[in-house]
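Below is one structure, written out as structure tokens; comments come after it.
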Amino acid sequence: MITVTDLVDSLGAGFLRTVVAAKDAEVHDVALAEPGDAVGQPGELVLGVGVTDRAGALALLERAARAAAGGVVLKSPFAGDPQVARATRELAGPALVELQPHTSWAHVVWLLRGVIDRAAAPDTSRLGTPGPHVDLFALADAAAEIIDAPVTVEDAQSRVLAYSARQDTTDPARVSTIVGRRVPPETLTHFRAGGVFRRLARSSDPIWTPAGPDGTLPRLIIPVRAGGEWLGSIWAVVGPPVPEERIRELRDVASVLALHLLRLRAEAGIARRVSTGRLRVTLREGAAPGPGALPGPDAVPALPAGPWRVVAFGSPYGTDDVRRQLDLWESVARRFGWHEPLLTDIDGLLFGLVTERPRGRRPVTAGGMADAGAGTLDWLRHVLGEVHARDAGLYAVAGCPARSPDQLPRSTAEAGELHRLIAAGRLPLHGRTGIVLMEDAWDAVVVERATAAVGIDTGLLGGPLAVLRAHDEEHGTPYRATLAAWLDHFGDPQSAARLLRIHPNTLRYRLRKLEEVAPVDLSSPRVRLALRLQLTAMGTSPTQG
């Protein structure tokens with residue numbers, strides 16, 4: 001399922017912006033809407049091509065709502081008009097999306113339809129299938145013909161996306177860049193020292209770089225931008241002078257490249273969101289495709305060989321932005337070799353799925369190399385150890401192993417329980433290694449579950465604590481805290497007294513007095529257990545005495 005929110009977020013704020021969101025509004029196609037035309041079908045994203053005033057925008061929104069469209073795209077200022085936004089909320093129908101004013105509707109149709117079609121048929125990205133990556137190489141060849149020099153196309157992270165067939169004029173930096181699919185660190189340092197990347201991020205003007213150390217040849221660099229956002233650049237191994245008309249042609253190529261880079265980014269974002277949604281269903285419901293099942297748009301992801309553990313990620317510093325957490329942990333996972341991390345959000349928490357291998361088992365890949373174990377529990381321990389050294393606040397908690405897909409919801413619930421205990425301060429991370437397994441904290445979970453079941457909303461069932469609480473509140477006595485300390489240190493009054501910072505004789509005196517107020521048989525193990533659970537439910541701590 002692709003939603004309007006997913007589509008807008010993937011393309012970025014430099015292109016589209018959600019003005020009024022519609023919960024779970026699905027999109028399966030794009031439709032053009034001229035004035036007076038009937039609006040398409042449920043799930044379509046309607047483009048307000050012919051809207052020229054507020055009245056036209058309002059009329060289009062009403063027609064789209066009647067047709068159950070997924071969303072309406074309008075250019076500013078109509079999308080940002082307060083009356084239009086208010087009408088959209090009152091209709092409670094399609095999402096309202098704003099398109100940047102100088103963007104061509106033809107480019108919008110090509111870009112959106114390509115992303116939607118690609119997301120609906122993810123297998124079309126296989127080797128040999130035409131797509132945006134193939135187009136990038138064609139554009140690199142076109143740029144090389146214009147400039148009469150070898151060309152590479154790079155993204156904003158200096159990753160090589162495409163290069164021209166012609167590479168006759170080259171230097172060691174160019175060879176390393178193409179072979180490694182990334183600009184070498186020493187070359188990046190050279191260009192960064194010259195302020196190249198600072199200028200790329202701020203301006204659309206061409207940049208010349210002179211010859212550098214180790215035989216680096218001069219470069220002409222053309223920024224690739226869309227909606228003010230820097231997406232990448234064209235690098236040509238050529239020195240000045242280059243005729244101005246050729247530079248203008250290169251900038252035209254850059255504007256086309258911008259659309260392709262937006263589409264690639266959107267498809268990557270959509271693919272991740274589709275995968276995230278499928279994993280969410282798997283962790284909640286435990287479903288798995290049967291033998292011979294055909295992959296559909298709502299099919300669960302292909303799981304690695306089990307058993308698995310569901311992991312919840314977090315930080316004591318906290319953040320309500322689970323998408324930012326998803327981006328953070330996905331980046332960490334990829335940096336440590338897990339190139340397709342199984343991560344998703346459920347009810348505001350970030351979860352992951354890792355495999356648990358028997359100790360000493362290191363499978364061999366098809367290439368004959370031992371698998372580094374990315375995505376396993378041991379791998380996660382290593383990653384958290386590395387990350388913990390720089391940021392001690394990051395942590396992970398894991399439920400018990402799931403040996404079949406139908407056990408995944410149970411492991412998910414357990415990881416969520418541990419996360420909530422840590423967030424509430426009832427399960428300290430002190431002395432732990434950055435990852436807490438259910439087996440490490442089962443006792444805290446048992447007490448938490450029992451305490452939640454006991455509760456105090458319906459009274460204390462005729463036990464002594466109601467009387468002791470009333471006496472403490474009326475006379476200022478510490479009988480409940482004293483009782484909690486005695487139960488926690490049963491058989492050792494010295495330790496209980498030390499916790500309360502009183503003399504042992506004072507402890508014995510208080511116990512006698514509280515039994516006068518509310519007689520209780522403290523020799524019974526069952527009574528002691530029931531009292532301690534009720535005290536925990538009341539939030540009574542020995543240190544309160």
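FYI, the numbering just counts along the sequence from 1.
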Examine distances only and state if a side-chain atom of [X] and a backbone atom of [Y] form a donor-acceptor pair shorter than 3.5 Å.
| X | Y | answer |
| --- | --- | --- |
| Thr18 | Ala21 | no |
| Ser164 | Ala144 | no |
| Ser411 | Val310 | yes |
| Arg251 | Ser204 | yes |
| Gln407 | Arg403 | yes |
| Thr209 | Arg219 | yes |
| Trp230 | Gly232 | yes |

Say you draw a straight line from [atom1] of [X] to [atom2] of [Y]; how long is it, rounded to the nearest 0.5 Å?
| X | Y | atom1 | atom2 | result |
| --- | --- | --- | --- | --- |
| Leu380 | Ile435 | CG | CD1 | 4.0 Å |
| Arg17 | Leu96 | CZ | CG | 8.5 Å |
| Asp345 | Phe313 | CG | CZ | 13.0 Å |
| Ile221 | Trp235 | CD1 | CH2 | 3.5 Å |
| Asp440 | Leu437 | CG | CG | 4.5 Å |
| Ile234 | Leu161 | CD1 | CG | 11.5 Å |

Would you call [X] and [Y] a salt bridge, taking side-chain N to carboxylate O under 4.0 Å as the test?
| X | Y | result |
| --- | --- | --- |
| Glu414 | Arg410 | yes |
| Arg280 | Asp347 | no |
| Arg309 | Glu439 | yes |

Hey, are the side chains of [X] and [Y] touching, using non-hydrogen atoms and a 4.5 Å cut-off?
| X | Y | answer |
| --- | --- | --- |
| Leu74 | Val97 | no |
| Thr3 | Val27 | no |
| Val242 | Trp208 | yes |
| Ser233 | Val153 | no |
| Glu386 | Val383 | no |
| Ile422 | Val397 | yes |
| Leu250 | Leu220 | yes |
| Leu343 | Phe351 | no |

What are the two closest heavy atoms between [X] and [Y], and how far apart are they?
| X | Y | result |
| --- | --- | --- |
| Leu418 | Val436 | CD1-O, 4.0 Å |
| Leu279 | Leu342 | CD2-C, 3.4 Å |
| Pro94 | Thr88 | O-CG2, 3.4 Å |
| Val237 | Ala149 | O-CB, 3.5 Å |
| Leu136 | His260 | CD2-CB, 3.8 Å |
| Pro206 | Ile247 | CG-CG2, 3.7 Å |

Please lay out, stage by stage, how Phe197 and Ser158 fare under the test side-chain contact (heavy atoms from CB on, under 4.5 Å). CA-CA 10 Å; Phe197 296 106; Ser158 297; 3.6 Å; yes
Between Asp205 and Ser203, is there a side-chain donor-acceptor contact under 3.5 Å, judged purely by atom types and distance? yes
Let me see the working for Leu377 and Thr355 under side-chain contact (heavy atoms from CB on, under 4.5 Å), right down to the final yes or no. CA-CA 6 Å; Leu377 183 63; Thr355 57; over 6 Å; no
How far apart are the C-alpha atoms of Asp148 and Arg246, what are their side-chain angles, what is the distance that settles it, and do they pass the side-chain contact (heavy atoms from CB on, under 4.5 Å) test? CA-CA 10 Å; Asp148 192 24; Arg246 293 194 178 186; 4.0 Å; yes
Indicate the ring-plane relationship of Tyr395 and His419, choosing parallel, tilted or perpendicular according to the 30° and 60° boundaries. tilted
One pair to check against side-chain contact (heavy atoms from CB on, under 4.5 Å): Glu98 and Leu16. What are the steps and the verdict? CA-CA 6 Å; Glu98 181 181 48; Leu16 296 174; over 6 Å; no
